[in-house]
Colleague: 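Just passing along the structure, written as C-alpha cells.
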Amino acid sequence: MYIYRVCLLSFLLFLLGCDFSGSTPKVSQSQTECKNNAPCIFANQVKVWLSEETLSPETPFSIYAQLPAGVTITAAKLEGVTMYMGYIPVQFTKQGHIWLANTMVGICSEKNMVWKLILTTVDTNTATSENVEYFFNVTY
C-alpha cells in the first residue's frame with residue numbers, strides 16, 4: 001500500500017510539471033549569438049535590452065523590446081536558469097514603438113544568477129507565434 005501511494009504521488013507531481021497546452025511556439029534563435037545583459041536582435045527582428053547593464057536582486061529594473069510592424073507580445077515570463085525559482089510573469093505595455101516591462105527578480109543562494117526572459121510574440125499578419133529567449137545575469 002505504501003509503494004502504491006508513493007507511485008501515485010510521484011505520478012501526480014509529474015503531471016503538475018507538464019504543459020498540455022498543445023501549442024508549442026517555435027524558438028527563433030539560439031542564445032549563443034547574444035551576450036548576457038547586452039542588447040540583442042533576434043532572427044525575427046525582435047530587439048530586447050535592459051535598463052541597466054548590472055542588475056541586483058530585489059531591485060526594480062526595466063526590460064525593453066522593439067518589434068517589427070505587425071508583431072505583438074502575447075506572453076512573457078522570467079525563469080531562473082542557474083537555479084529553479086519558478087517563473088515570474090512579466091507584463092509589457094506598448095509606449096510608442098517600444099514595449100516596456102517593469103519587473104524585479106528575487107534573491108537566492110546563488111550570488112551570480114542567470115535568468116531567462118521568454119518572450120512570446122505573434123505576427124498578426126500570418127498568425128505565426130515565436131519565442132525568443134533573452135538571458136541576463138543578476139549579482140549581489
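The analysis underlying the following values was restricted to heavy atoms, covering all of them including side chains, and did not include hydrogens, waters or symmetry mates.
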Colleague: In sequence, state the C-alpha distance, the side-chain angles, and the governing distance for Trp49 and Ile63, and then conclude on side-chain contact (heavy atoms from CB on, under 4.5 Å).
Modeller: CA-CA 6 Å; Trp49 69 97; Ile63 305 172; over 6 Å; no

Colleague: Cut-off 3.5 Å, no hydrogens considered: what does the side-chain donor-acceptor table look like for residues 64-88, sequence neighbours left out?
Modeller:
from	atom 1	to	atom 2	distance (Å)
Thr74	OG1	Thr120	O	3.3
Lys77	NZ	Glu79	OE2	3.4
Thr82	OG1	Val114	N	2.8

Colleague: To the nearest 0.5 Å, tell me how far Tyr134 OH sits from Cys40 SG.
Modeller: 7.5 Å

Colleague: Other hydrophobic cluster members with Ile118, side-chain heavy atoms of Ile/Leu/Val/Met/Phe/Trp/Tyr under 4.5 Å, chained?
Modeller: none

Colleague: Looking only at heavy atoms, which two atoms of Phe135 and Lys116 are closest? And how far apart?
Modeller: CZ-CD, 3.5 Å

Colleague: Mind checking side chain to side chain donor-acceptor pair (under 3.5 Å) for Ser109 and listing every partner two or more places apart, or none if nothing turns up?
Modeller: none

Colleague: Hey, does the side chain of Tyr140 reach the backbone of Asn112 with a donor-acceptor pair shorter than 3.5 angstrom?
Modeller: no

Colleague: Just verifying a value: how many Å separate Glu130 CD and Asn44 CG, rounded to the nearest 0.5 Å?
Modeller: 4.5 Å

Colleague: Can Val90 and Phe92 be said to form a side-chain contact (heavy atoms from CB on, under 4.5 Å), step by step?
Modeller: CA-CA 6 Å; Val90 179; Phe92 277 87; 3.7 Å; yes

Colleague: Are side-chain heavy atoms of Ile41 and Val46 found at a separation under 4.5 Å?
Modeller: no

Colleague: For residues 94-107, tabulate all N or O donor-acceptor pairs below 3.5 Å that involve a side-chain atom, not counting sequence neighbours.
Modeller:
from	atom 1	to	atom 2	distance (Å)
Asn102	OD1	Ser62	OG	2.6

Colleague: Is there a side-chain contact between Pro57 and Met113, using heavy atoms and a 4.5 Å cut-off?
Modeller: no

Colleague: Kindly state each residue pair satisfying salt bridge (Lys or Arg N to Asp or Glu O under 4.0 Å) with at least one member in residues 51-73, sequence neighbours excluded.
Modeller: none

Colleague: With sequence neighbours left out, write down each residue that passes ring-ring contact (aromatic ring centres under 6.0 Å, His included) with Phe61, or none if nothing qualifies.
Modeller: Phe136

Colleague: Residues in side chain to side chain donor-acceptor pair (under 3.5 Å) with Asn137, at least two apart?
Modeller: Asn36

